[in-house]
2 protein chains.
Amino acid sequence: MARRRQSVTIKHVAADAGVSLQTVSRVINNEPNVRPAMKERVQASIDKLGYVPSIAAQRMSGSRSYLILAINDRDLTIADWRAREGRDWVDQMLLGGMLTCAEHGYRMLIELVDTHSDHVERELGAALAALQPDGVILTPPHSENPLITGLLAERGIPFARIGSKQDGPGIAMTMGDTHNAQLATDHLIELGHERIGFIAGPKEFSLAGWRIEGWEKTMADAGLPTDGLCERGDFGFESGILAASNLLDAAEPPTAIIASSDQMALATIEVARKRGLDIPRDLSLVSFDNSPIVRFTQPPLTAVDQPISATIARAVELLIEARKKAPPKEPVSVHGELVVRGSTAGPGRRGDS
Amino acid sequence: MARRRQSVTIKHVAADAGVSLQTVSRVINNEPNVRPAMKERVQASIDKLGYVPSIAAQRMSGSRSYLILAINDRDLTIADWRAREGRDWVDQMLLGGMLTCAEHGYRMLIELVDTHSDHVERELGAALAALQPDGVILTPPHSENPLITGLLAERGIPFARIGSKQDGPGIAMTMGDTHNAQLATDHLIELGHERIGFIAGPKEFSLAGWRIEGWEKTMADAGLPTDGLCERGDFGFESGILAASNLLDAAEPPTAIIASSDQMALATIEVARKRGLDIPRDLSLVSFDNSPIVRFTQPPLTAVDQPISATIARAVELLIEARKKAPPKEPVSVHGELVVRGSTAGPGRRGDS
DNA sequence: ATGAAAGCGCTAACAC
DNA sequence: GTGTTAGCGCTTTCAT
């Protein structure tokens, strides 16, 4: 294998334009102190030769690596991929992240890290040392892992914490969970529901709590009860079966349920079906995530669309900006939307779809 | 922002172990000519200091970049991500690619390239110059684009062509399309079907033709007819409607249909439903891809599982090996499997599920 | 506003 | 077997 060198380097451009390396470098990096005429001449050579800087060399000389690293939980991610149940969290991350990176000449790279292991620091440290990314995006459940955030802070690498409002280093970002839960609750209230149950996520996820808050607040504002109408699940199907059963077994069961994940919504459909409850006639249902499967259920689910793509896109922008200006200290929130489909209707109504 | 340098470099290790840089380098790269005792001592220092080589520096000094670049079609990929219809092609690529890369200390990076544009070469050339990957994975429809394969060959970068059997530079790889189509056809023949229709993909995709071959051969071997039983689609839903309609409008319509994509299978379900044909009683249906949605249809579809993950994993291995030994000249094939679900049964039978 | 020199962390080539 | 030297392509000082 021929030793592969850069085919056209900054030297070639400098020679072609008849200037020093430094001037070419200045043009590439859009730095000041280059006369327009000069800049144009250099740019012409760059275009002519098809020159593209080597990010390895740029990184070596102490500047940027043009790499943004997104850290996902290894086990959860691999489980999703293997299960092939249509969870497109990673795809949405790529959609927002890759395209935004590309706009700025960056690339996004995904790294799987095992949160539970005791060598998180070694794993992450190795990735940081090897790649030297200019920014890191942490997704739950990594976002609030102090071993991880501490390491990043210590190394001075800008990072975003998706799904975290905590104080501390890094940019806290949320997908508007409280707001999104309000949207769902409002929708049901407007349809005439008064007893609205909520299937929450596990305590380990901060965002699970924020969603409860949104629901509770909206219910309280409307003068509606929430007592005994909230059950916890773990986002998975089985836990949804239990939670939905508990809610529907109550003396005064809800006429509508908001589930904090698509899997728990699927479970609720199953529980309703077993009890002969028609959705949406006897029970309205709203789910969170809006992953692909919700359109293939009977009926298709009204769902909160978590703005994964938009949030990651924003994270990338903030991380790239972090080189120049201080990142926001307050949590950054990107709101989701409610997508209305056939699983919600007024109490006792058939639904329109 | 503090200028970020490598925290612990090869120098620190060399100093700690009391040896030269070169010896450390030899240990890192598992090269010969290092006495076991020496190697152990150096390794101890590496572990102690938590040293991890910088891939930028490794790349700079003319060795590997430890990067594998997977090239996907920009428009198709973004369309899939935005549509959120559960196509998990990219996820399966990541599953096979990232994990295999990780095993060898490599990373996989996805790059979206626009095939149709006239600046493919510039786009790809820029990515190659910037990242200098050690290997490239081409997916359809890039795999047989001579502009792309030519550029890669010219630069001497090892690459794999997924979904291509053509001669020429690079490693040709298939996902066993012919074999997979035979599996599907055999399954239907065993159930007792004699008129088996085939909805093929577009001519631009070589693999569409291979699938037809598999079906035709199996039918011929069984002494069954294929005349008038093959329609072309473009893998999309609308084309599937047309193709399925044509097949079912025939004087002697098939009792079973094999669709070359999940979307075309979905379309076939729709056409059957409109004509009051029950699946699988009146019509058996097999689809290709086995993407997540096929489990959510009524009934769930018997489908050919295209071994995306395994194929990409194999590609990564071959590319990494390419540094040392010559890659295979013959096409490499990874076979898929048939996943039997509720959409296939004997002619006139209800099916067991 | 431009150029020259030094060095980033690592490995190939050669010396010993 | 091990150490030394040079240099990869680029950006950072620092001069001019």
Side-chain angles (χ1 to χ4, degrees), chain A residues 1-42 46 49 51-67 105 128-132 134 323, chain B residues 1-42 45-46 49 51-67 105 126 128-132 134 323:
Chain A
M1 183 60 43
R3 175 131 162 241
R4 203 176 334 112
R5 289 222 189 70
Q6 191 87 338
S7 41
V8 33
T9 75
I10 197 170
K11 278 188 192 166
H12 299 111
V13 177
D16 184 85
V19 297
S20 74
L21 302 184
Q22 191 44 36
T23 304
V24 179
S25 174
R26 287 193 178 103
V27 173
I28 298 168
N29 296 294
N30 236 318
E31 279 170 21
N33 294 343
V34 184
R35 231 168 305 199
M38 177 98 286
K39 183 167 176 174
E40 217 168 297
R41 197 170 82 199
V42 173
I46 291 177
L49 302 176
Y51 167 70
V52 177
S54 151
I55 66 164
Q58 293 187 122
R59 165 56 235 165
M60 277 303 293
S61 55
S63 97
R64 288 158 285 181
S65 66
Y66 293 97
L67 256 29
L128 297 179
L131 296 166
Q132 310 190 95
D134 292 335
R323 267 174 45 81
Chain B
M1 184 58 44
R3 176 129 163 241
R4 203 175 336 110
R5 288 223 190 70
Q6 190 88 336
S7 41
V8 37
T9 74
I10 197 170
K11 279 189 191 165
H12 299 113
V13 178
D16 185 84
V19 297
S20 74
L21 303 183
Q22 192 47 30
T23 303
V24 179
S25 173
R26 288 193 178 104
V27 172
I28 298 167
N29 297 294
N30 238 319
E31 280 170 19
N33 294 341
V34 185
R35 227 168 305 200
M38 178 98 287
K39 182 167 177 173
E40 218 168 296
R41 198 169 85 203
V42 173
S45 292
I46 290 176
L49 301 176
Y51 167 70
V52 177
S54 151
I55 65 163
Q58 293 188 124
R59 164 54 235 167
M60 276 305 292
S61 57
S63 97
R64 289 159 284 181
S65 65
Y66 293 98
L67 256 29
L128 297 179
L131 297 167
Q132 309 190 98
D134 291 336
R323 267 174 44 80

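Both backbone and side-chain heavy atoms feed into the values below; hydrogens, waters and symmetry mates do not. Lettering follows sequence order; numbering is per chain, from 1.
Nearest to the side-chain atoms of Y51(A) among the listed nucleotides dC10(C), dT11(D), dC10(D) stands dC10(D). Among the nucleotides dC8(C), dT11(C), dT11(D), the one closest to any side-chain atom of S25(B) is dT11(C). Minimum atom distance to the side chain of S20(B) is reached by dG3(D), of the listed dG3(D), dG9(D), dT11(C). Here dT11(D) is the nucleotide among dC10(C), dT11(D), dG9(C) with the atom lying nearest to any side-chain atom of S63(A).
Heavy atoms of Q58(B) sit under 4.0 angstrom from primed sugar atoms or phosphate atoms, though from no base atom. Nucleic acid contact for V19(A): sugar-phosphate only, since backbone atoms but no base atoms lie under 4.0 Å from a heavy atom of the residue.
If you measure from atom CD of Q22(B) to atom P of dG7(D), you get 16 Å, rounded to the nearest angstrom. Spacing between atom CE of M60(B) and atom P of dC10(D) amounts to 8 Å, rounded to whole angstrom units.
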Pair V27(A)-V34(A), side-chain contact (heavy atoms from CB on, under 4.5 Å): steps then yes or no:
CA-CA 7 Å; V27(A) 173; V34(A) 184; 4.2 Å; yes
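For dG9(C), neither phosphate oxygen OP1 nor OP2 lies less than 4.0 angstrom from any side-chain nitrogen or oxygen of T9(B). Of the side-chain N and O atoms in S61(B), none sit less than 4.0 angstrom from OP1 or OP2 of dT11(C). Checking the phosphate oxygens (OP1, OP2) of dG3(C), a side-chain nitrogen or oxygen of T23(A) falls inside 4.0 Å. Using a 4.0 Å cut-off, no side-chain N or O of Y66(A) falls inside it from OP1 or OP2 of dC10(D).
Within a 6.0 Å sphere centred on CD of E31(A), other residues, nucleotides and ligands contribute more than 12 heavy atoms.
Sorted by residue number, the list of members of residues 32-39 of chain A with any non-hydrogen atom under 4.0 Å from DNA chain D is empty.
Fit an axis to the five pairs at each end of the helix from dA1(C)-dT16(D) to dC16(C)-dG1(D) and the two axes sit 30° apart, to the nearest 10 degrees.
Closest approach of Y51(A) to I10(A), counting heavy atoms only: CE1-N, 3.5 Å. A pairwise comparison of heavy atoms in L21(B) and A14(B) identifies CD2-CB, 3.8 Å as the closest pair. Shortest non-hydrogen contact noted between Q132(A) and S54(B) is NE2-OG, 3.3 Å.
With hydrogens and angles disregarded, no donor-acceptor distance shorter than 3.5 Å links the side chain of R59(B) to the backbone of R64(B). With hydrogens and angles ignored, the 3.5 Å screen pairs no side-chain donor or acceptor of T23(A) with any backbone N or O of V19(A).
If you check the side chains of Q58(B) and S65(B), you find no donor sitting under 3.5 Å from an acceptor.
Annotation: salt bridge (Lys or Arg N to Asp or Glu O under 4.0 Å) contacts involving residues 9-20 of chain A, sequence neighbours excluded, comprise D16(A)-K48(A).
Each of K11(A) and L21(A) was matched to the nucleotide of DNA chain D holding its nearest heavy atom; the match closer to the 5' end belongs to K11(A). For S54(B) and R26(A), each mapped to the nucleotide of DNA chain C holding its nearest heavy atom, the one lying further toward the 5' end belongs to R26(A).
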